Number of protein chains: 2
Amino acid sequence: MFLARVYVTLKPTVNDPQGKTILGGLKTLGFDLATEVRAGKYLEIKLSSPERTLAEAAVEEMCRKLLANPVIESYRYEVEEVIPRS
Amino acid sequence: MFLARVYVTLKPTVNDPQGKTILGGLKTLGFDLATEVRAGKYLEIKLSSPERTLAEAAVEEMCRKLLANPVIESYRYEVEEVIPRS
């Protein structure tokens with residue numbers, strides 16, 4: 001059993017209205033320290049794979065095919081072995 | 001200058017329709033390895049703080065006040081010093 005943590009972020013040149021709105025909210029609350037916010041997605045995916053290489057290959061393909069839009073987003077992921085609770 | 005990476009996830013007992021929909025999409029695409037998906041938010045926040053402790057305290061307060069809903073979400077964050085490009 002593996003757990004993949006996937007981080008999907010907008011590419012740096014892509015406009016991020018959600019991040020701008022959050023930054024506006026932070027400023028309104030008085031957090032003047034904040035200068036930029038970029039919003040992204042975080043996914044935890046459990047995989048019933050016998051092997052790490054198989055799990056990693058599957059996650060790479062999932063990102064390309066469904067989880068990220070490669071035109072405007074980039075992604076990275078970590079795959080970690082977990083012991084299922086019996 | 002500091003960069004905070006904030007991860008906001010739904011608490012384990014909270015229903016996650018977005019994660020369930022992504023899992024359905026993965027199954028439809030033939031990724032039978034995937035057994036569970038939990039969806040969350042990932043935020044990168046730049047802070048113009050002279051000190052790490054100040055930046056960390058600000059991020060903690062941002063999470064409590066705006067970024068996460070403490071009733072249904074949990075959060076964690078990392079704060080890293082970055083050198084601004086001149």
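Just so it is clear, the model here is predicted, and its values are computed rather than measured. In what follows, chains are A, B, ... by sequence order, proteins preceding strands, each numbered from 1.
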Could you look at L29(A) and say if it's the side chain, the backbone, both or neither that has a heavy atom under 4.5 Å from chain B?
side chain
Would you say V82(A) and V79(A) are hydrophobically clustered, going by side-chain heavy atoms of ILVMFWY under 4.5 Å?
no
If I compare all heavy atoms of L67(A) with all of I22(B), which pair ends up nearest, and what's the gap?
CD2-CG2, 3.6 Å
Same cluster for L66(A) and L47(A) if Ile/Leu/Val/Met/Phe/Trp/Tyr side chains link at under 4.5 Å?
yes
Taking every heavy atom of I45(A) against every heavy atom of A34(B), the minimum-distance pair comes out as CG2-CB, 4.2 Å
Which residue pairs pass the ring pair (Phe, Tyr, Trp, His ring centres under 6.0 Å) test when at least one of the two sits in residues 46-72 of chain A, sequence neighbours left out?
none
Hydrophobic cluster identity match, L3(A) and M1(A), side-chain contacts under 4.5 Å:
yes
Among V6(B), V59(B), L43(B), which residue has the highest count of heavy-atom pairs closer than 4.5 Å to chain A?
L43(B)
Distance-minimising heavy-atom pair for A58(A) and L33(B):
CB-CD1, 3.6 Å
Between chain B and chain A, which donor-acceptor atom pairs come closer than 3.5 Å, counting both backbone and side-chain atoms?
unit_1: L33(A); atom_1: O; unit_2: S48(B); atom_2: N; d: 2.8
unit_1: L33(A); atom_1: O; unit_2: S48(B); atom_2: OG; d: 3.3
unit_1: T35(A); atom_1: N; unit_2: K46(B); atom_2: O; d: 2.8
unit_1: T35(A); atom_1: OG1; unit_2: K46(B); atom_2: O; d: 3.3
unit_1: E36(A); atom_1: O; unit_2: K46(B); atom_2: N; d: 2.8
unit_1: E36(A); atom_1: OE1; unit_2: K46(B); atom_2: NZ; d: 3.1
unit_1: R38(A); atom_1: N; unit_2: E44(B); atom_2: O; d: 2.9
unit_1: R38(A); atom_1: O; unit_2: E44(B); atom_2: N; d: 2.9
unit_1: G40(A); atom_1: N; unit_2: Y42(B); atom_2: O; d: 2.6
unit_1: G40(A); atom_1: O; unit_2: Y42(B); atom_2: N; d: 3.1
unit_1: Y42(A); atom_1: N; unit_2: G40(B); atom_2: O; d: 3.1
unit_1: Y42(A); atom_1: O; unit_2: G40(B); atom_2: N; d: 2.6
unit_1: Y42(A); atom_1: OH; unit_2: R76(B); atom_2: NH2; d: 3.1
unit_1: E44(A); atom_1: N; unit_2: R38(B); atom_2: O; d: 2.9
unit_1: E44(A); atom_1: O; unit_2: R38(B); atom_2: N; d: 2.9
unit_1: K46(A); atom_1: N; unit_2: E36(B); atom_2: O; d: 2.8
unit_1: K46(A); atom_1: O; unit_2: T35(B); atom_2: N; d: 2.8
unit_1: K46(A); atom_1: O; unit_2: T35(B); atom_2: OG1; d: 3.3
unit_1: K46(A); atom_1: NZ; unit_2: E36(B); atom_2: OE1; d: 3.2
unit_1: S48(A); atom_1: N; unit_2: L33(B); atom_2: O; d: 2.8
unit_1: S48(A); atom_1: OG; unit_2: L33(B); atom_2: O; d: 3.3
unit_1: R76(A); atom_1: NH2; unit_2: Y42(B); atom_2: OH; d: 3.1

